[in-house]
Amino acid sequence: MTRIDAVGVVVPAHDEQDRIGACLTAVVDALAALPDRVVTTVCVVLDRCSDRTEDRAREAARPPLVDLVPNRVRVTVGEVRNHGVARLLARLGGVPAERTWLLSTDADTVVPRTWALDHVRHADRGADAVAGLVDLDDPAALSPIARRRYARLIEAGADAGDGHGHAYAANLGVRAASFLQVGGFPVVAHGEEHALLERLRAHGHRVLSPSDVRARTSARRRGRAEGGLADLLDSLHELPA
């Protein structure tokens, strides 16, 4: 088992002025809970923002911990995350990739204070990637039937043990050495987390899906990324009863 000595967090943000502050505050608090010996950094990729996301992120950032990186061109979400990871690795360059843990979350997500600790706990026990779960921040925003359908989807992905079959870019961790070996996030319009985990498994890396590693994300039905959780939640309202 290889102990984790560095943790980096990538946060893509596209027009998230109302949510980025809470997201970054929670991420910074989670990193602060790690042992002092662990080097940490955060990269927010400001993806073609036309609102005050950058201003709000700068207000919430705690330099030099948080790095704000603008992206002005239209690229896939996989490329956005890869761009952020490259910045993280450059800032953590003194730590071997085998001892570096890369975390991914979203700007509409709030992680608990134990988030980074939970990921590192599994990494220190030999995991190469950890796919956590997400809870909705306001389930009441969904109709009763959509809530039931979402609950059934989550239950359907649970196995007989303590794992599950879901993947969320809002709560994902991977060892940097494994990430680099498989070429990072695939260049896909959506579902980059599923595609990355498929690559990792195909190369024999150990992927865990523990139910005790959680984050809280938006229950909105109009999201920023096509094919994301918001589209799924919206589709649950449209399915025939």
Side-chain angles (χ1 to χ4, degrees), residues 8-31 42-62 66-71 74-85 102-116 118-119 131-143 146-147 150 153-154 166-173 185 188-194 196 213-237:
V9 184
V10 61
V11 186
H14 174 64
D15 289 348
E16 293 283 6
Q17 63 180 18
D18 296 330
R19 297 178 180 271
I20 189 64
C23 170
L24 288 182
T25 297
V27 165
V28 170
D29 286 347
L31 293 180
V42 181
C43 179
V44 180
V45 184
L46 300 160
D47 184 28
R48 298 168 293 120
C49 293
S50 59
D51 63 357
R52 296 194 61 207
T53 297
E54 182 171 357
D55 295 335
R56 299 287 173 81
R58 203 171 299 281
E59 292 168 2
R62 300 184 191 177
V66 180
D67 184 25
L68 304 181
V69 180
N71 172 58
R74 180 180 291 276
V75 293
T76 67
V77 67
E79 290 170 291
V80 170
R81 292 192 195 275
N82 284 337
H83 184 41
V85 168
L102 302 171
L103 285 167
S104 169
T105 191
D106 288 334
D108 66 338
T109 300
V110 173
V111 302
R113 184 168 174 78
T114 61
W115 183 59
D118 291 337
H119 273 270
L133 284 174
V134 299
D135 300 305
L136 300 180
D137 63 352
D138 184 15
L142 304 179
S143 68
R147 289 200 299 273
Y150 185 72
L153 285 175
I154 298 301
H166 303 287
Y168 301 91
N171 188 3
L172 182 68
F185 284 103
V188 293
H190 55 81
E192 72 279 10
E193 65 276 68
H194 295 276
L196 173 61
V213 180
R214 309 182 82 95
R216 182 165 48 87
T217 199
S218 170
R220 65 190 177 190
R221 294 169 55 189
R222 294 290 182 269
R224 302 294 184 264
E226 181 182 354
L229 178 60
D231 281 358
L232 170 63
L233 296 178
D234 192 49
S235 73
L236 298 179
H237 288 80

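Throughout, residue positions are numbered sequentially from 1 according to the sequence presented.
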If I compare all heavy atoms of [X] with all of [Y], which pair ends up nearest, and what's the gap?
X	Y	result
His190	Val77	CA-CG1, 4.2 Å
Ala107	Glu16	CB-CG, 3.6 Å
Ala116	Ala30	CB-O, 3.8 Å
Ala215	Pro112	CA-CD, 4.1 Å
Val69	His83	CG1-NE2, 3.4 Å
Thr53	Gln17	OG1-N, 3.1 Å

> Knowing that exactly one of Thr105, Leu31, Asp67, Leu103 qualifies, which makes a side-chain contact (heavy atoms from CB on, under 4.5 Å) with Val42?
Replying inline: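 The passing option is Leu31.
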
> Pick from Leu68, Ile20, Asp15: which one makes a side-chain contact (heavy atoms from CB on, under 4.5 Å) with Leu46?
Replying inline: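 With Leu46 as partner, Leu68, Ile20, Asp15 yield a single side-chain contact (heavy atoms from CB on, under 4.5 Å), made by Leu68.
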
Tell me, do [X] and [Y] make a side-chain contact under 4.5 Å, heavy atoms counted?
X	Y	answer
Thr76	Glu192	no
Leu172	Leu196	yes
Leu133	Tyr168	yes
Ser104	Val10	yes
Val44	Leu24	yes
Trp115	Val9	yes
Asp18	Arg56	yes

> Arg58: what forms a salt bridge (Lys or Arg N to Asp or Glu O under 4.0 Å) with it, not counting sequence neighbours?
Replying inline: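 Result, salt bridge (Lys or Arg N to Asp or Glu O under 4.0 Å) vs Arg58: Glu54.
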
> Taking only residues two or more places apart in sequence or in another chain, which ones pass salt bridge (Lys or Arg N to Asp or Glu O under 4.0 Å) with Glu193?
Replying inline: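 Salt bridge (Lys or Arg N to Asp or Glu O under 4.0 Å) list for Glu193, sorted by chain: empty.
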
One thing to verify: whether [Y] and [X] come together as a salt bridge, which I'm taking to mean a side-chain N less than 4.0 angstrom from a carboxylate O.
X	Y	answer
Arg214	Asp135	yes
Asp29	Arg62	yes
Asp106	Arg81	yes
Arg52	Glu59	yes

> Hey, are Thr109 and Asn171 close enough side-chain-wise for a donor-acceptor pair under 3.5 Å?
Replying inline: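 There is no such pair between these side chains.
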
> Between Val45 and Cys43, does a side-chain contact (heavy atoms from CB on, under 4.5 Å) hold up when you go through it step by step?
Replying inline: CA-CA 6 Å; Val45 184; Cys43 179; 4.1 Å; yes

> Atom OG of Ser50 and atom NE2 of His14: how far apart are they, to the nearest 0.5 Å?
Replying inline: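 If we round to the nearest 0.5 Å, Ser50:OG and His14:NE2 are 6.0 Å apart.
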
>> Before you tell me yes or no, could you show the steps for Cys23 and Asp108 under side-chain contact (heavy atoms from CB on, under 4.5 Å), namely the whole-Å CA-CA distance, both residues' side-chain angles and the distance that decides it to 0.1 Å?
In response: CA-CA 7 Å; Cys23 170; Asp108 66 338; over 6 Å; no

